[in-house]
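Report on the following structure.
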Amino acid sequence: MSTNQEDIQALVRNRTYSAGFVTDVDSETLPPGLNEDVVRAISARKQEPEWLLEFRLKAYRRWLKMTEPKWAHVHYPPIDYQAVSYYSAPKSMKDAPKSLDEVDPKLLETYKKLGIPLREQEMLAGVQPQVAVDVVFDSVSVGTTFRKKLAEAGVIFCSISEAVREHPELVRKYLGTVVPFGDNFYAALNSAVFTDGSFVFIPKGVRCPMELSTYFRINERNTGQFERTLIIAEESSHVSYLEGCTAPQRDENQLHAAVVELVALDDAEIKYSTVQNWYPGDENGVGGIFNFVTKRGDCRGPRSKISWTQVETGSAVTWKYPSCILRGDDSVGEFYSVALTHHRQQADTGTKMIHIGKRTKSTIVSKGIAAGHGQQAYRGLVRVLPGAEGARNYTQCDSLLIGDKCGAHTFPYTEIRNPSAILEHEATTSKIGEDQLFYARSRGIAEEDAVSMIVNGFCKDVFKELPMEFAVEAQKLLSVSLEGSVG
Amino acid sequence: MLDIQNLHARIEGKDILQGIDLRIGAGEVHAIMGPNGSGKSTLSKLLAGHEDYTITDGTVSFDGADLLELNPEERAAKGIFLGFQYPVEIPGVSNMVFLKAALNAQRKIRGEKELDAADFLAWVKHRVKQMQMNPAMLSRGVNEGFSGGEKKRNEILQMLVLEPKLMVLDETDSGLDIDALKIVADGINLMRSKERSVLLVTHYQRLLDYVKPDYVHVLAGGRIVKSGGPELALELEEKGYGWIQQAA
């Protein structure tokens with residue numbers, strides 16, 4: 001056994017995907033295909049108001065005229081959008097559960113396997129750091145915990161379907177105002193067929209009393225998941241939100257095209273963290289999720305702040321640029337990212353920071369790790385508009401290569417239309433050194449643990465931005481993702 | 001403790017070691033000196049399990065075990081420590097995390113109980129103090145942004161924390177000013193005991209003023225060409241290596 005590049009490759013080759021099980025749940029699924037009738041059927045099934053159906057139909061009609069973006073540094077076979085089923089709901093959920101007691105025990109079991117014990121969460125209230133959880137299984141939300149406690153604070157945290165029913169005026173006021181229905185190909189598709197997702201509303205002056213979290217799970221075969229998340233933070237409010245995603249191990253590719261919209265009013269702060277662990281496909285690139293996601297935050301009011309933190313270890317192909325529109329004067333946008341690709345995984349990810357208001361500030365820290373045949377691209381845009389007097393940006397993107405068959409690429413774009421702007425950019429690419437591995441091993445640390453330790457060290461600047469308990473989860477996830485047999 | 005017989009090793013088709021014989025008993029301090037390119041660093045790395053070298057002949061046994069059969073982490077757990085000539089930086093991994101992982105990994109391989117956070121902290125702080133280092137260094141990345149001297153001192157700190165049986169120190173004295181050299185030498189002397197042995201690889205006499213060797217060997221052309229007591233080092237300092245190479 002020798003510590004040469006081949007062995008480092010072998011080390012990361014046999015990744016295990018622990019979330020790859022399928023739950024046998026009796027579900028109601030629309031037949032594959034997409035046309036206006038399908039859009040109407042989704043809307044009808046969800047008993048939506050007329051204005052929302054109109055929103056969907058406009059988006060659908062726009063989508064028909066659009067073409068898939070091809071500029072990303074990713075390669076995959078053409079997607080047959082008529083082969084996807086656009087709606088799947090566990091049957092037992094048809095009459096939405098009123099409490100967790102009515103939730104199909106098999107679903108609860110699924111979430112337990114994923115390490116999301118909904119029931120225990122409620123029972124242990126007050127003992128542990130509290131996290132309110134919403135879970136979305138295929139196309140529908142199956143339960144939200146801690147609703148009562150949140151309601152006391154005036155916080156609304158529910159599925160978006162429920163929000164459409166219970167708070168239509170709020171949804172109507174904000175939906176599509178950050179990511180318009182025709183924004184891009186996938187956003188238009190999502191606007192036409194989105195099924196569920198989370199809705200958060202933090203009223204003026206309220207600091208959300210606990211972390212909010214949504215777990216997304218794709219279970220059915222041949223279904224896509226098109227969730228829609230909308231978070232509104234009113235003046236001087238504060239919220240921290242985390243999403244996690246998993247899917248079973250399947251041979252075919254599955255489509256995930258989500259839209260997330262964040263709105264921060266004056267002095268409000270939204271912290272949005274993602275741990276994305278969709279099934280990445282196997283060693284030869286068979287199967288895995290196509291993850292085409294549009295995430296955008298609007299710092300609408302002065303001194304507002306939106307912070308994105310993402311840990312992306314899953315998916316066969318990732319196309320994702322969580323962005324900030326820094327509209328309010330003195331508003332702040334942040335993007336912290338760890339993306340890991342190996343086997344045949346490809347990721348083209350980064351951010352857009354659009355400086356509109358005066359003295360707006362943005363920070364970008366991107367850490368890309370490529371192993372196996374993984375391909376990794378950072379793509380970022382910093383745009384400073386003429387009115388953004390005194391805008392500042394700091395960008396740091398670092399890439400770490402494990403082995404010599406992977407690749408890392410950096411595509412930074414800047415458009416500066418105000419001469420007072422100050423931009424800093426730092427970029428590095430390094431290889432996990434055989435000398436680093438030998439050094440750690442000569443101190444008694446096993447090869448696998450050494451790789452995991454070096455990678456975690458590389459990601460430290462991003463992990464420290466995650467809520468504590470999720471930082472631990474993210475570290476474990478990275479270690480598992482790099483797991484393999486030695487020798 | 002360590003028994004090297006007729007060791008031959010090559011890298012990239014080039015023979016570096018051409019028949020090394022060396023026995024180090026418990027409690028002994030040996031110094032290996034020699035000109036550049038004589039194979040000193042190769043020998044040190046090879047003992048720690050570096051895998052770039054192909055062993056073409058010979059045997060190495062350590063405490064009765066066939067050392068060449070063990071991977072680097074197993075050798076560490078058995079008590080071999082290599083002080084690197086060029087210590088490696090591991091950014092973002094704190095010295096504390098690294099040392100705790102190393103010590104507990106070794107203890108685990110040896111079937112001993114792992115130290116908990118509190119016990120480890122007390123132990124490592126004690127050692128940091130002995131090395132006259134600032135405890136704040138524990139939360140910095142491993143060798144990250146350290147000066148050459150700090151890196152060498154950190155090697156000795158790691159050695160004090162891990163308490164190995166055989167300490168192989170590859171040019172630990174190079175790049176140190178006189179104060180740092182004394183602290184490093186004190187660290188080595190602190191570890192000397194009847195059970196522990198030291199193999200000092202060095203170019204110069206000056207470390208040997210502080211750490212007195214029992215035996216001095218001269219390595220040239222991949223073989224030990226002369227062995228003697230501490231006086232041999234002084235002779236080398238005076239005359240250089242030329243006369244020995246000629247004699248060999």
Side-chain angles (χ1 to χ4, degrees), chain A residues 1-8 10-11 336 338 365 367 369 396 398-400 402 426 428-466 471-472 474-475 478-479 482 485-487, chain B residues 11 44-54 69-95 97-110 139-144 151 154-155 158-159 161-164 168 170:
Chain A
M1 198 193 63
S2 80
T3 317
N4 56 29
Q5 289 298 340
E6 248 168 61
D7 288 309
I8 299 176
L11 251 178
Y336 299 97
V338 164
V365 177
K367 303 277 181 178
I369 303 142
Q396 184 192 338
D398 300 323
S399 309
L400 184 67
I402 305 176
E426 288 176 33
T428 65
T429 299
S430 50
K431 231 175 183 183
I432 275 209
E434 291 170 24
D435 51 350
Q436 282 178 328
L437 277 181
F438 177 61
Y439 189 68
R441 295 180 70 194
S442 78
R443 297 298 181 252
I445 300 167
E447 197 164 10
E448 267 185 18
D449 296 334
V451 168
S452 153
M453 179 182 269
I454 293 164
V455 170
N456 272 304
F458 174 75
C459 300
K460 195 177 166 194
D461 293 345
V462 173
F463 286 165
K464 70 174 200 278
E465 296 298 325
L466 285 172
V472 175
Q475 279 187 28
L478 269 200
S479 303
L482 290 163
S485 59
V486 180
Chain B
I11 183 168
S44 331
K45 285 193 206 158
L46 205 147
L47 289 175
H50 201 288
E51 290 154 340
D52 281 354
Y53 303 97
T54 314
E69 284 297 304
L70 304 178
N71 66 31
E73 49 269 38
E74 289 164 340
R75 295 184 197 200
K78 273 197 101 43
I80 290 188
F81 178 90
L82 171 63
F84 281 59
Q85 184 180 0
Y86 303 108
V88 178
E89 296 194 13
I90 309 181
V93 177
S94 74
N95 285 292
V97 165
F98 182 75
L99 274 171
K100 183 160 179 257
L103 181 62
N104 278 336
Q106 291 195 15
R107 293 178 72 99
K108 206 170 159 188
I109 297 176
R110 292 195 291 257
S139 48
R140 288 170 63 190
V142 175
N143 294 319
E144 194 180 356
K151 285 182 182 172
N154 195 21
E155 292 294 285
Q158 292 181 12
M159 186 175 89
V161 170
L162 298 172
E163 299 189 293
V168 181
D170 188 4

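Residue numbers begin at 1 in each chain, while the letters A, B, ... track the order of the sequences.
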Problem set entry | Interatomic spacing from CD1 in A:Ile432 to CD1 in A:Ile369 - rounded to 0.5 Å | 8.5 Å
Given a strict heavy-atom distance threshold of 4.5 Å, which part of [X] is in contact with chain A: side chain, backbone, both, or neither?
X        : result
B:Leu82  : both
B:Glu89  : backbone
B:Ala77  : neither
B:Pro164 : neither
B:Val97  : both

For this session: Side chain from CB out, backbone as N, CA, C, O: work out which of these in A:Asp435 comes under 4.5 Å of a heavy atom of chain B, or both, or neither.
Result: both
Problem set entry | Proximity breakdown for A:Ala440 and chain B, heavy-atom pairs closer than 4.5 Å | both
Exercise. According to the interplanar angle, ranging from 0 to 90°, do the rings of A:Tyr439 and B:Phe98 count as parallel (below 30°), tilted (30 to 60°) or perpendicular (above 60°)?
Worked result: parallel
Exercise. Does B:Tyr53 OH have over 12 foreign heavy atoms under 6.0 Å away?
Worked result: yes
Exercise. Between A:Arg443 and B:Glu155, is the closest basic N to carboxylate O distance under 4.0 Å?
Worked result: yes
For this session: Would you check, one step at a time, whether the test side chain to side chain contact (heavy atoms under 4.5 Å, CB included) holds for A:Met453 with A:Ile445?
Result: CA-CA 10 Å; A:Met453 179 182 269; A:Ile445 300 167; 4.1 Å; yes
Problem set entry | Main-chain N/O of B:Gly92 paired to B:Glu144 side chain as donor or acceptor, under 3.5 Å | yes
For this session: Quick one: which of B:Ile109, B:Val142, B:Ile90, B:Leu103 has the most heavy-atom pairs under 4.5 Å with chain A, could you say?
Result: B:Ile90
